Amino acid sequence: MKILDRYILITFLRTFFSVFIIFMFIFVLQGVWLYITELAGKDLDISVTAKFILYYMPKLIPLVVPLTILLSSIMVFGNFAENYEFAAMKSTGISLQRAMRSLSVFIVGLAIATFFFANNVIPWGEYNFYNLRRNIAKVKPALAIAEGQFNEIGNINIKVDKKSGDRDQFLEQVIIHEKTSNRSGNYKVIIAEKGELKSSEDSNILQLELINGNYYEEIVDRDTRKNIKKPHVKSYFDTYTINVDLEILSTEDVDDMNFSGKASMLNVNGLNKTIDSLKIKQKEDYDALATTLYNRSTYSALGFNIKPNENDSIYDGNDILQLYNIGSKIQILNLAINSANSTSQIIDSNTNNLELKETRLNKHVIALQDKFVLAIACIVLFFVGAPLGALIRKGGLGLPMVIAIVLFLTYHFLGIFAKNSAEKGSFSPIIGAWLSTGIMLPLSIYLTSRATNDKGVFQFDALMVPFKRLFSAKKLQLSESDTKSYNYYSRYSIEELVAVVKKQDEFDIDKKPKEIALHNLLNRPISLEALQSEGLEIPDKIFKAKTFLKDFNDYSKTSLVSFCIGGILMILHFVFKNNKLPQIAEASLSLSIIAFVFFVIYLVVNTIYYSKFYNAIDLKEKKINPIWVLLSIPFYPVKHLYLKGKTAQDFYLSCIQKIK
């Protein structure tokens with residue numbers, strides 16, 4: 001390995017491991033913070049708490065490693081550019097790609113390592129972390145109740161808003177869903193203002209005493225027609241005690257691992273097998289549903305009991321019921337209605353179940369793709385950060401930190417939104433897993449290309465120059481030789497330039513000296529009145545045109561302000577209306593109408609001054625068409641900018657032609 005490659009690699013590794021340790025520490029604190037309050041003071045061994053943190057750390061790698069690569073590459077290459085080390089490299093013929101060669105090899109190796117880590121270590125950590133939490137909850141039932149979420153303890157699901165006491169035994173705002181052994185679902189609901197956990201170390205019973213609450217139980221009859229009325233039992237209680245048998249739970253070991261059903265706990269082989277099984281089961285479910293719908297339609301038996309009339313002379317080819325008598329028609333219609341209702345009920349009852357299975361399948365597909373996405377993301381984000389650092393020419397933890405966090409948050413949130421939508425079936429889960437990385441890939445290619453060619457991050461000239469030309473006043477266009485003359489005249493005083501203009505005879509063929517001298521005068525901070533006092537002949541029409549132009553610009557600016565105020569108030573009207581604030585919405589609408597009335601008044605006035613201006617400079621043909629005025633009202637801000645530049649240009653050209 002050459003000295004340069006070794007130097008760049010060592011510099012990058014120092015920054016990489018420093019940033020990695022810092023980010024890992026921050027993310028561990030942030031992630032475990034939700035759990036550490038539940039672990040502290042619960043008589044758990046230090047080894048259990050250490051295992052808890054150890055098992056949690058691997059799941060942070062998909063967040064920490066890409067962010068570390070992005071920030072480290074920006075910092076290192078930004079520092080190289082800021083200290084002119086890249087300039088020294090380029091002076092010796094070393095390009096950016098050559099400087100990135102050793103790091104590229106390291107990043108590819110790191111990407112391969114992250115794939116194996118994601119395939120083996122992360123599932124191991126997820127498996128142990130989930131089972132450890134599950135077993136801790138069984139060993140310490142009070143620990144299983146986390147604030148603000150439903151928690152399963154024995155045969156109940158419990159949610160509390162707040163816990164207090166030295167053992168967190170006092171509960172506030174308790175909601176309980178109690179399970180029954182003979183049917184699945186939440187049919188018993190208990191709501192209480194307060195509760196208390198009462199249990200002793202030598203007792204196998206966990207007592208939950210509820211105070212001041214309501215008991216609700218939904219009654220499900222075997223006859224489904226009676227369930228339409230939703231029968232239920234509801235009662236009020238002062239105190240209510242629930243006993244949970246913990247005899248089985250007391251034998252649990254926190255190291256017992258017996259659950260492995262989550263997608264994040266599986267490696268590539270396990271995910272492939274599970275995905276194949278889920279697809280086969282999904283196909284079987286759809287086939288079973290199709291068979292059930294076909295059988296419930298009684299299509300195969302439709303022609304056995306109902307016969308059409310032998311005399312079908314009244315059948316006109318439109319209504320097939322004309323072939324049957326009244327009794328048969330009623331029978332057919334009743335059969336169709338019952339079949340449709342039955343089919344609708346079957347579809348409704350199977351929709352949620354099929355959607356849940358589809359979501360589970362999508363989650364497994366996304367989990368499989370994430371293992372490959374993590375490896376590719378490391379490479380892509382390196383080729384985003386390295387050229388970006390070379391372009392911004394800033395090292396350290398200031399600007400690089402801001403840019404890295406913004407880019408990573410964009411990348412991360414795009415991934416979250418895409419995966420959430422893909423899980424629900426909005427689009428392919430494969431696209432959802434790869435979308436954020438796919439968006440970053442063109443950016444990496446673009447930035448690497450820009451850095452290689454020593455260009456800035458963005459060039460807006462091709463986009464902004466046409467707009468500047470459209471909305472700015474166009475001055476006299478000078479050729480290369482005339483530009484030299486203009487620069488020569490720039491050294492003249494005002495008196496000397498006036499002399500050049502007055503010396504020009506009207507019979508002279510070459511008018512350029514006069515135009516260039518006037519061009520120089522008009523671009524200096526001197527008024528027309530001052531030029532007239534210096535001896536130039538300025539027609540009265542020019543002074544009138546200048547006055548009309550000033551009035552036009554003033555009224556046009558006032559029209560623009562009125563238009564913007566009216567538009568903003570109109571938008572606020574709909575906002576307040578949608579937020580059910582009718583009085584404020586009506587006030588906004590009234591003020592918006594008033595603003596638009598003023599806009600119309602000032603629009604008419606500035607249109608009049610526009611016509612007067614062009615009459616003064618003898619360009620009467622450039623008057624405004626009323627139809628064009630009406631059609632351009634929605635785009636008035638653009639029209640304002642355009643006319644402001646156009647009138648200034650025409651006034652300037654008129655001065656060049658008429659001043660002597």
Side-chain angles (χ1 to χ4, degrees), residues 5 8-9 12 15-16 19 62-63 65-82 85-87 89-90 93-115 369-395 399-419 427-428 430-464:
D5 293 331
I8 294 175
L9 181 59
F12 182 83
T15 306
F16 177 83
V19 174
L63 282 174
V65 171
L67 179 57
T68 302
I69 291 175
L70 182 62
L71 179 58
S72 300
S73 57
I74 294 177
M75 289 175 60
V76 170
F77 282 80
N79 193 50
F80 286 160
E82 186 178 15
E85 293 180 76
F86 271 137
M89 295 178 194
K90 292 176 183 178
I94 299 175
S95 62
L96 178 65
Q97 292 91 333
R98 173 63 185 82
M100 294 170 61
R101 187 173 67 181
S102 60
L103 288 183
S104 300
V105 175
F106 169 75
I107 292 298
V108 171
L110 180 63
I112 296 173
T114 54
F115 168 75
Q369 297 299 320
D370 278 344
K371 301 183 185 302
F372 300 95
V373 169
L374 178 60
I376 301 300
C378 293
I379 300 174
V380 171
L381 291 178
F382 170 74
F383 283 98
V384 170
L388 188 58
L391 290 170
I392 64 175
R393 296 181 174 88
K394 279 290 183 181
L399 182 62
M401 174 71 80
V402 175
I403 295 175
I405 291 177
V406 170
L407 284 175
F408 183 77
L409 288 178
T410 303
Y411 164 81
H412 184 59
F413 285 135
L414 281 174
I416 290 176
F417 294 146
K419 289 175 185 177
F427 48 83
S428 171
I430 297 177
I431 296 176
W434 286 93
L435 182 63
S436 57
T437 305
I439 291 175
M440 286 295 174
L441 179 60
L443 180 61
S444 66
I445 296 173
Y446 173 78
L447 291 175
T448 303
S449 174
R450 303 293 294 183
T452 303
N453 297 322
D454 290 328
K455 296 181 179 179
V457 181
F458 300 106
Q459 281 188 341
F460 295 103
D461 290 345
L463 182 64
M464 298 303 296

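Nothing here was measured: the structure is a model prediction, and the numbers come from that model.
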Taking only distance into account, with no hydrogens and no angle test, what donor-acceptor pairs under 3.5 Å do side-chain atoms of residues 68-75 form with protein atoms, sequence neighbours excluded?
unit_1, atom_1, unit_2, atom_2, d
Thr68, OG1, Val64, O, 2.6
Ser72, OG, Thr68, O, 2.7
Ser73, OG, Ile69, O, 2.8
Ser73, OG, Leu70, O, 2.9

Nearest 0.5 Å please: distance from the [atom1] atom of [X] over to the [atom2] atom of [Y].
X	Y	atom1	atom2	value
Met440	Leu407	CE	CG	5.5 Å
Phe417	Ser436	CZ	OG	12.0 Å
Leu414	Ile439	CG	CD1	4.5 Å

* Can you name the nearest heavy-atom pair linking Pro66 to Leu63, along with the distance? -> CD-O, 3.7 Å

Got a list of side-chain donor-acceptor pairs under 3.5 Å for residues 371-391, not counting sequence neighbours?
unit_1, atom_1, unit_2, atom_2, d
Lys371, NZ, Ala118, O, 2.9
Lys371, NZ, Leu266, O, 3.4

Determine all donor-acceptor pairs shorter than 3.5 Å in which one atom belongs to a side chain in residues 399-406; sequence neighbours excluded.
none

* Structure fact -> side-chain contact (heavy atoms from CB on, under 4.5 Å) filter on Ile430, not counting sequence neighbours, yields Val365, Gln369, Ser428, Trp434

* Asked: What orientation do Phe77 and Phe80 show, parallel under 30°, tilted 30 to 60°, or perpendicular over 60°?
  ->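 Plane angle over 60°, so perpendicular.
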
* Stepwise side chain to side chain contact (heavy atoms under 4.5 Å, CB included) check, Leu435 with Lys419 -> CA-CA 9 Å; Leu435 182 63; Lys419 289 175 185 177; over 6 Å; no

* **side chain to side chain contact (heavy atoms under 4.5 Å, CB included) between Ile107 and Ser104, worked out** => CA-CA 5 Å; Ile107 292 298; Ser104 300; 5.8 Å; no

Side-chain donor-acceptor contacts of residues 108-115 below 3.5 Å, not counting sequence neighbours, with atom names and distances?
unit_1, atom_1, unit_2, atom_2, d
Thr114, OG1, Leu110, O, 3.2
Thr114, OG1, Ala111, O, 2.6

